[in-house]
2 protein chains.
Amino acid sequence: MVGTLIVMPVPPHGPPLGLRLARTAKAVSQAFDDALAEVGGSRPAWLILMSLKAGSGASQRHLADTIGIRGATLTQHLTNLEERGLLTRRRDPGNRRVHLVELTAEGEAAFRRMRDAAVAFDRRLHSGLDSEQTDKLEALLDRLRDNVTRDPAPADGRRGPDHDGYRRGANTPSAS
Amino acid sequence: MVGTLIVMPVPPHGPPLGLRLARTAKAVSQAFDDALAEVGGSRPAWLILMSLKAGSGASQRHLADTIGIRGATLTQHLTNLEERGLLTRRRDPGNRRVHLVELTAEGEAAFRRMRDAAVAFDRRLHSGLDSEQTDKLEALLDRLRDNVTRDPAPADGRRGPDHDGYRRGANTPSAS
DNA sequence: TATTGTTATACTCTATAACTATA
DNA sequence: TATAGTTATAGAGTATAACAATA
């Protein structure tokens, strides 16, 4: 039989939002990494130095949480940065379990180089966007993160009834 | 002391846009990877299967270009997927240098699982966004990518202009 | 015992270089 | 020689588990 051709309500946007975001993020992240690499930096180094400058160096635990990595992972980056002379670690006399992380002069210089590179990058990233668009974009990005970070199944209504999607745990991992 | 207090023009918004984007992308990518992992998938597997379904399987070279990885990298993913029984590789009788990549029935099933997971994820990602906002966001994301992918800085010759946004090596380390 | 951090090890994704097999 | 793909190896970033030091 000549079935009825079901015309999907074709979304006018080609690839799904998640994929677009991933692609954009990949391109932008790589460009950012390149920009940092140009001045001898890297993303973890930048995040760590920036967090230290921002006063998040109270403890490595706090620092790791701030930049979103595990303590053991942070240790490796810190070791690397220490070997490169960008920072020092010493025990907190007050609580000798805690290691105080401090930038050296060279670390400060490296921070400034990376900061300048990051600022230049950000300027490039902003090309052609007015502040209204930027605000809008940032708000949307925050919304995306919330959408995906919060509890997967909020009875938010509005947007699709079977909102659960996603939790079909026993679905044959099949391989791995 | 008459010190002219230099007021920064605009401490625009908390963290710079690039960092916000990176954080959002990290959170969203992580959540997306988790969603795929729930159904036994992974991002490369998803990209490969999706590209194959979309007809990009003409050759591995084309496939690799489509998803933005190197041929050798693709080979490893394909080998993995083949071992898991999701696809087959056989030589093209017409040009025996070319390997034709085809999904098995199990590969089709895996594709559908991942697709469902991706769709559910995308629905979640869209929560609270109307289509106008979505369009706006996508346009802005495209803009960001363009800003950063196009010929960056005239002053520096290190990076070739002609590339498609994908990087070659890991980041130039040390250099300090 | 609990907390802070390190060491050892491994996994994932990616890359380059050298190789095989076709053409 | 040129093209398609593979193998071997490496490296960056991350993680977990076991450990040491300190409280």
Side-chain angles (χ1 to χ4, degrees), chain A residues 22 25-27 29-30 32-34 36-37 40-48 57-65 67-84 87-101 175-176, chain B residues 22 25-27 29-30 32-34 36-37 40-48 56-84 87-101 163 165-175:
Chain A
K26 181 175 182 179
S29 292
Q30 285 176 347
F32 186 55
D33 290 349
D34 286 350
L36 289 176
S42 67
R43 185 193 316 250
W46 164 238
L47 291 173
I48 289 169
S59 72
Q60 292 188 198
R61 167 132 311 284
H62 180 50
L63 186 53
D65 289 346
I67 69 182
I69 59 177
R70 294 306 173 107
T73 304
L74 177 62
T75 293
Q76 300 192 77
H77 293 307
L78 290 180
T79 300
N80 178 277
L81 294 171
E82 190 172 38
E83 282 167 356
R84 289 163 55 185
L87 53 82
T88 58
R89 280 181 286 189
R90 63 187 174 85
R91 290 191 182 270
D92 181 344
N95 179 349
R96 288 182 49 75
R97 287 179 304 193
V98 173
H99 289 204
L100 296 176
V101 183
S176 71
Chain B
K26 180 175 183 178
S29 292
Q30 184 64 58
F32 185 55
D33 290 348
D34 287 350
L36 289 176
S42 67
R43 187 194 315 249
W46 164 239
L47 291 173
I48 288 169
S56 296
S59 71
Q60 292 186 199
R61 168 129 310 283
H62 179 49
L63 185 54
D65 289 346
T66 298
I67 69 182
I69 58 176
R70 292 307 172 112
T73 303
L74 177 62
T75 293
Q76 300 191 73
H77 292 308
L78 290 179
T79 299
N80 179 275
L81 294 172
E82 190 172 37
E83 282 167 357
R84 289 164 54 184
L87 52 81
T88 58
R89 279 181 288 188
R90 63 187 174 85
R91 288 187 183 272
D92 182 344
N95 178 348
R96 290 182 46 77
R97 287 179 302 193
V98 172
H99 289 205
L100 297 176
V101 183
H163 81 50
Y166 295 113
R167 174 173 50 153
R168 277 91 180 104
N171 41 3
T172 325
S174 59

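Keep in mind that this is a model prediction, so the values were computed, not measured. All chains are named by letter (A, B, ...) in the order of the sequence lines, taking the proteins before the strands, and each is independently numbered beginning at 1.
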Protein-nucleotides 8-10 of chain D N/O pairs closer than 3.5 Å?
none

Distances under 3.5 Å only, N/O to N/O: pair up the protein atoms with those of nucleotides 19-23 of chain C.
from	atom 1	to	atom 2	distance (Å)
dT22(C)	OP1	Arg91(B)	NH1	3.4
dT22(C)	OP1	Arg91(B)	NH2	3.3
dA23(C)	OP1	Arg96(B)	N	2.8

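For Gln30(A), no side-chain nitrogen or oxygen approaches OP1 or OP2 of dT14(C) to under 4.0 Å. For dA12(D), the OP1/OP2 oxygens have no side-chain nitrogen or oxygen of His77(A) closer than 4.0 Å. Here His99(A) reaches the OP1 or OP2 of dT6(C): one of its side-chain N or O atoms lies under 4.0 Å away.
Whole-Å rounding puts the Glu83(B) CD to dT6(D) C1' distance at 13 Å. Between the CZ atom of Arg70(B) and the C1' atom of dA17(C) there is a distance of 12 Å, given to the nearest Å. Spacing between atom CG of Asp33(A) and atom P of dC13(C) amounts to 18 Å, rounded to whole angstrom units. The separation between Arg90(A) atom CZ and dG5(C) atom P is 13 Å, rounded to whole Å. When the P atom of dT3(D) is taken as reference, atom CZ of Arg61(B) falls 10 Å away, rounded to whole Å. Rounded to a whole Å, the CG atom of Leu78(B) is 9 Å from the P atom of dG5(D). In this entry the distance linking CG of Leu74(B) with C1' of dT16(C) reads 16 Å, nearest Å. Rounded to an integer number of Å, the gap from CD1 of Ile67(B) to P of dT14(C) is 8 Å.
For the pair Arg89(A) and Thr75(A), the tightest heavy-atom approach, listed with the atom from each and the gap, is NH1-O, 3.9 Å. The two residues Leu100(B) and Pro93(B) come nearest to each other via the heavy atoms CD1-CD, 4.5 Å. Taking every heavy atom of both residues into account, Gly40(A) and Arg84(A) meet most closely at O-NH2, 2.9 Å. The shortest heavy-atom contact between Leu74(A) and Ile67(A) is CD1-CD1, 4.3 Å.
Nucleic acid contact for Arg43(B): none, since no nucleic acid atom lies under 4.0 Å from a heavy atom of the residue.
By the 4.5 Å heavy-atom criterion applied to side chains, Ser29(B) and Lys26(B) are not counted as neighbours. Between Ser59(B) and Val98(B), some side-chain heavy-atom pair lies under the 4.5 Å cut-off.
Both Lys26(B) and Arg89(B) lie close to DNA chain D; mapped to their nearest nucleotides by heavy-atom distance, the more 5′-ward contact belongs to Arg89(B).
Nearest nucleotide to the Thr75(A) side chain, out of dT6(D), dA15(C), dG5(C): dG5(C). Nearest nucleotide to the side chain of Ile69(B), out of dT4(C), dA15(C), dT6(C): dA15(C). For Pro44(B), whose side chain is taken as the heavy atoms from C-beta onward, the closest listed nucleotide among dT14(C), dG5(C), dG5(D) is dT14(C).
Judged by distance alone, the side chain of Arg91(A) and the main-chain N or O of Arg96(A) form a donor-acceptor pair under 3.5 Å.
Side-chain atoms of Thr73(B) come within donor-acceptor range of the base of dA15(C), with a qualifying N/O pair under 3.5 Å.
Listed by chain and number, the residues in a side chain to side chain donor-acceptor pair (under 3.5 Å) with Thr73(B) amount to none (sequence neighbours excluded).
Between the side chains of Asn80(A) and Gln76(A), not a single donor N or O lies within less than 3.5 Å of an accepting N or O.
With Ile48(B) as the partner, the side chain to side chain contact (heavy atoms under 4.5 Å, CB included) test is satisfied by one option alone out of Val101(B), Leu81(B), Thr66(B): Leu81(B).
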